[in-house]
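Note that ligands are numbered from 1 as they come in the structure, with each ligand's atoms numbered from 1 the same way. Numbering of residues begins at 1 and proceeds along the displayed sequence. All heavy atoms count here, side chains included; hydrogens, waters and symmetry mates do not.
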Amino acid sequence: MAEPSLRERLNALREQLHSYSYHYYVLNESTIPDAEYDRLFRELQEIEAAHPEWQSADSPSQRVGAEPLAAFSQVRHETPMLSLDNVFSEAELLDFDQRIKTRLKDSAELSYACEPKLDGIAVSLLYVDGVLVRGATRGDGRVGEDITQNVKTIASIPLKLRGTGWPEELEVRGEIYMPRAGFARINDAARSSDGKVFVNPRNAAAGSLRQLDSRITATRPLEMSCYGIALGDGEAWFHSHSEGLATLRDWGFLVSPELRVVDSIQGCVAYYQDLLARRDGLAYDIDGIVFKVDSLALQEHLGFVSRAPRWAIAHKFPAQEEITQLRDVEFQVGRTGAVTPVAKLEPVFVGGVTVSNASLHNFDEVARLGVMIGDHVVVRRAGDVIPQIVQVVVERRPATARAIIAPDLCPVCASALERAPGEAVLRCSGGLVCGAQRKEAIKHFASRKAMDIEGLGDKLVEQLVDAGIVETVADLFVLTAEQLAGLERMGQKSAENLLAALLKARATTLPRFLYSLGIREVGEATALNLANHFGELPALMAASEEDLIAVADVGPIVASHLHAFLASDYNREVIALLQERGVNWPAARREGGAQPLAGQTWVLTGNLESMTRGEAKEKLQALGAKVAGSVSAKTDCVAAGTSAGSKLAKAEALGVKVIDEQQLLQVFADNGEQ
Ligand code: JCF
């Protein structure tokens, strides 16, 4: 066969890259490793650079953005972009259904298409002969802005249509939005580089689309979910809204995976309840549900009132942002002494709960927000993240507003506060002298991934410390039934259970023990590396800073925290007491820390029968493996229990080795990890 010509190679690359990004961004399946994609993409760019005459408006290379525009031009929408009427209660939703039935003079139940109402920016896409030629904002519904260059950078928007049967001219409408994870990522980056911090994902999406330089848009994690087709005067190719959306899916568009058709308004009510309950777990913000009469014939019959269709309604959720007043700021001291300003708010119902506290993170954040006590502030609670103050309503600042002043002394123990150069965090220098740090240290010690002392919750720790019964973690192991009996809400049974749990918790492992000490910067992974490296506690206690730096993932900062912790007489005494009072762990079995799985990355998925995933993870790590949460081309092996889902599928798609539980147990047995 003849060598394919460069032109043929170019076409093949474009097809391949279109297909990969469709699978990845629209279907959410990974078909090739990122590195392979990047390689093909570079090859495409090189060919196009050498042959500018072959450039094409629908080439995947268009995704990187283009030269900045001087201004956006205006676009007239042939079919106006509509808005939606809202309802805020079930009763109003039932009224909507009733109005339609009355207008149709038919009391038969109606089928509705249901989908989440994304909180983003409405956009229209125009395709001519299957190629994306224009993207436009809604604007006032009749005239919007031409943002073609910007929409082309969004990977879930097809640059050319897939499949067959599309009309010569096709206009698709949908919502461009930024998923929560991407929003958190760009805001974190902006905070650490003094860049622009966005108030919420919607503003971030709007700001990203408003860029005259589409190369900036290309760096923003945007997606588009499509919800409609502007039919114009053309023929309809289908009979229902849901059929139209299914067709859009075939042509390569992302349509909400939550789309459902229900056969009555009662189905809408159930759909609303289901999604409201799942709202916090979604990957993006939604502000309600959109219900549409599914039959296009009925839609046409019903028509429009002013700017909104009679056949559709948005049932709004409780707001995720509200305005309230900042009454005061308190300073909380954490386990490592970090002093966090906490906003005390006039209680406000937001995101489905009543919020009266919000974290202000640190004093840089207070300065960035420019917030004062007495201010009206916008509080946002979305997803399962803690409530945040995202904005000050400066126009409503009262004359009595006062500045938030960082304390000089620890509000709990009155030790000096220190701010390390270059750090945003103010820290109490009191160490375990500080009651707050002591409480937090004990809570951490008792927590599930540390010593796992069942029944020793936060409230109980606070009582024990406040009553002067427990000063250090070592005191926990000499607690008596009499001491516990005097505490609030502590019955005889719970006291017995707690003492039994303490007895049981004494048998632990060295990595858990090290983690439970709560040394700054020593998380689970570092504790494990330390245990594997030194094998025994005395060797670790005797290590110099240089010795510590030799441990995997331990840099000079971690080494200095560790060394200081282990050098302290106070800490040494507590560690000795813990061992005296029965805390123990199996001696190192691994001579010289032999690690047969060193350098390998493993992933655990599905349900294991003989152990928990956490236990399997510890064993794999003890053998030197890194245990990752998601499968990629770099994964060496996936151990899959029963009911394994997408990770298993991904491993199979990528050709990653997969073993079952029996084989995993064999790996442990072969390497002396029982
Ligand atoms: O997700 C949305 N924000 C959304 C907006 C969904 C829809 O189905 C819409 C819309 C605006 C207008 N449908 C129309 C007709």
Side-chain angles (χ1 to χ4, degrees), residues 77-88 93 96 100 111-125 135-142 144 151 154 156-157 171-180 200-206 209 222-232 236 238 240-249 253-262 268 271-272 275-276 278-279 282-296 298-317 319-321 382:
H77 299 294
E78 292 304 326
T79 316
M81 288 185 78
L82 304 170
S83 53
L84 292 170
D85 276 339
N86 296 320
V87 293
F88 295 90
L93 179 66
F96 160 77
I100 293 182
S111 286
Y112 288 101
C114 318
E115 62 178 336
K117 183 167 185 294
L118 290 159
D119 203 2
I121 309 299
V123 164
S124 143
L125 303 175
T137 58
R138 176 174 182 279
D140 64 5
R142 296 183 183 280
V151 301
I154 299 173
S156 54
I157 295 178
E171 189 184 344
V172 175
R173 275 134 188 215
E175 199 85 356
I176 292 181
Y177 59 97
M178 188 178 287
R180 287 175 186 156
N200 55 38
R202 185 178 189 282
N203 288 13
L209 287 179
L222 299 172
E223 290 181 4
M224 177 159 173
S225 176
C226 298
Y227 54 69
I229 302 174
L231 288 174
F238 30 76
S240 67
H241 177 70
S242 52
E243 231 180 275
L245 295 185
T247 310
L248 286 186
R249 266 196 192 126
F253 294 93
L254 177 66
V255 171
S256 174
E258 304 289 349
L259 177 76
R260 299 284 179 277
V261 179
V262 297
C268 295
Y271 183 94
Y272 175 91
L275 233 72
L276 180 58
R278 292 196 289 119
R279 182 188 197 184
L282 297 177
Y284 39 80
D285 278 7
I286 63 176
D287 56 3
I289 305 292
V290 180
F291 299 114
K292 292 179 178 168
V293 171
D294 197 34
S295 154
L296 293 189
L298 293 183
Q299 282 191 7
E300 196 166 342
H301 195 300
L302 288 162
F304 306 87
V305 248
S306 62
R307 313 295 296 283
R310 283 205 187 83
W311 39 264
I313 199 84
H315 188 177
K316 292 297 213 62
F317 283 156
Q320 284 179 320
E321 283 178 15

Regarding E171 and S124, do their side chains bring together a donor and an acceptor under 3.5 Å, going by distance alone? yes
Could you pull out, from L84, D119, I289, L118, the option with a heavy atom nearest to atom 2 (C) of ligand 1? L118
Are F96 and F291 close enough, and set up right, to give a ring pair (Phe, Tyr, Trp, His ring centres under 6.0 Å), and what steps lead you there? CA-CA 10 Å; F96 160 77; F291 299 114; 8.0 Å; no
May I ask you to test the Q299-H241 pair for a side-chain heavy-atom distance under 4.5 Å? yes
So for R173 against ligand 1, with non-hydrogen atoms under 4.0 Å, the contacting part is neither
Proximal atoms of ligand 1 relative to E115 (non-hydrogen, under 4.0 Å): 6 (C), 7 (C), 8 (O)
Shortest non-hydrogen contact from H77 to G144? NE2-N, 3.8 Å
May I ask you to identify, for K292, whether its side chain, its backbone, both or neither come under 4.0 Å of ligand 1 on a heavy-atom basis? side chain
Closest heavy-atom pair and its distance - N200, E321: ND2-OE2, 2.8 Å
Indicate the atoms forming the closest heavy-atom contact of I286 with Q320, along with that distance. O-OE1, 4.0 Å
Distance to 0.1 Å, residue and atom name: give those for the protein heavy atom nearest to atom 4 (C) of ligand 1. Y227 CE2, 3.4 Å
Contact region, E175 to ligand 1, non-hydrogen atoms below 4.0 Å, reads side chain
Does L82 approach ligand 1 within less than 4.0 angstrom via side chain, backbone, both or neither, non-hydrogen atoms only? backbone
